[in-house]
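To start, the structure under review is shown below, and the notes come after it.
Chain A is the first sequence line, chain B the second, and so forth, proteins listed ahead of strands; every chain is numbered from 1. Every heavy atom of this structure was used, including side-chain atoms; hydrogens, water molecules and symmetry mates were not.
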Number of protein chains: 2
Amino acid sequence: MKNFIANLNKAFESRVRLGIMSLLMVNDFVDFGTLKEQLQITDGNLASHINALEKLHYIEIRKQFVGKKPNTSFAASVEGKKAFSEHLDALEKLINQSN
Amino acid sequence: MKNFIANLNKAFESRVRLGIMSLLMVNDFVDFGTLKEQLQITDGNLASHINALEKLHYIEIRKQFVGKKPNTSFAASVEGKKAFSEHLDALEKLINQSN
DNA sequence: CGTTTTAACTTTGCCGCTCAAAGTACTTTT
DNA sequence: AAAAGTACTTTGAGCGGCAAAGTTAAAACG
């Protein structure tokens, strides 16, 4: 129970990041439009969070064409899943301690 | 499963606030020094987070003397407990969906 | 063709927030 | 008298989220 806060990952503190990762834990390869719609944020905002997560190697990006339209999809990397899992564990400890 | 992010409370996004509230959910009236030690942050930083939580009426402050030393203690208000509980519920939904 | 639309960004810039450090006030201890 | 303890407040740097507007490239439209 010492330093129970230290195990929280800074990268996942924002609601948007939390949302992105939780969607990518369940579904592999969610596309840009779907994420934008689910999270109800602007495309620029989404792009910047995606960019941040990719720089941390927490997600992988796949660009392709679906029919004639460009389509960018994202998946959580092994490293990303591990990091997010650890973050959730830390949160779970807070929750179990608090209610 | 719609807007599962919208139920997260902005006030509890930071690790420090998360830590303060989770401590106050379990123990009523934790004092300044204890919080500072548990969270390992500077006194100024703690004071500002405390101030923010008080402005939201999420915590209550009790000032007294213990022996000859001033002692400030904090407790989660009913409103604060409710808000934090709802935040945790939203987090729990993320977790259960994600692992 | 020229214009408009769509998808996915990038850039810009504001605003708010976190945080450490330093300063303050008041009291106790030495 | 000086130092130390408690609890702040103030200051200021730095980061980070966000919307809005600009960009690119291809597609659809007329």
Kindly state which residues belonging to residues 55-69 of chain B come within less than 4.0 angstrom of DNA chain D, counting heavy atoms of the residue only, listed by number. Lys63(B), Lys69(B)
Donor-acceptor under 3.5 Å (Ser77(B) side chain, Tyr58(B) main chain):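 Confirmed, Ser77(B) side chain pairs with Tyr58(B) backbone.
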Look at the side chain of His87(B) and the backbone N and O of Asn9(B), then say whether any donor-acceptor pair between them is shorter than 3.5 Å.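 A pair under 3.5 Å: yes.
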Which letter, B, S or -, goes with each nucleotide of nucleotides 9-19 of chain D from 5' to 3', with contact meaning a protein heavy atom under 4.0 Å? B-------SSB
Tell me whether Val30(B) is reachable from Ile41(B) by hopping between hydrophobic residues (I, L, V, M, F, W, Y) whose side-chain heavy atoms are closer than 4.5 Å. yes
Answer yes if Phe29(A) and Ile61(A) sit in the same cluster of Ile, Leu, Val, Met, Phe, Trp and Tyr residues linked by side chain heavy atoms under 4.5 Å apart, and no otherwise. no
Under 6.0 Å from the ring centre and within 45 degrees of the ring axis: does the NZ or CZ of Arg62(A) meet both conditions for the six-membered ring of Phe74(A)? no
Among side-chain atoms of Asn51(B) and Ser48(B), is any donor-acceptor pair under 3.5 angstrom? no
Once you round to the nearest 0.5 Å, how far does [atom1] of [X] lie from [atom2] of [Y]?
X	Y	atom1	atom2	value
Lys10(B)	Arg15(A)	NZ	CZ	6.0 Å
Ile95(B)	Ser85(A)	CD1	OG	10.0 Å
Ser14(B)	His49(B)	OG	NE2	4.5 Å

Electrostatic pair Lys82(A):Glu86(A) at N-O distance under 4.0 angstrom: yes
Shoot me the first and last contacting nucleotide of DNA chain C against chain B, ordered 5' to 3', at under 4.0 angstrom to non-hydrogen atoms. dT18(C) to dT28(C)
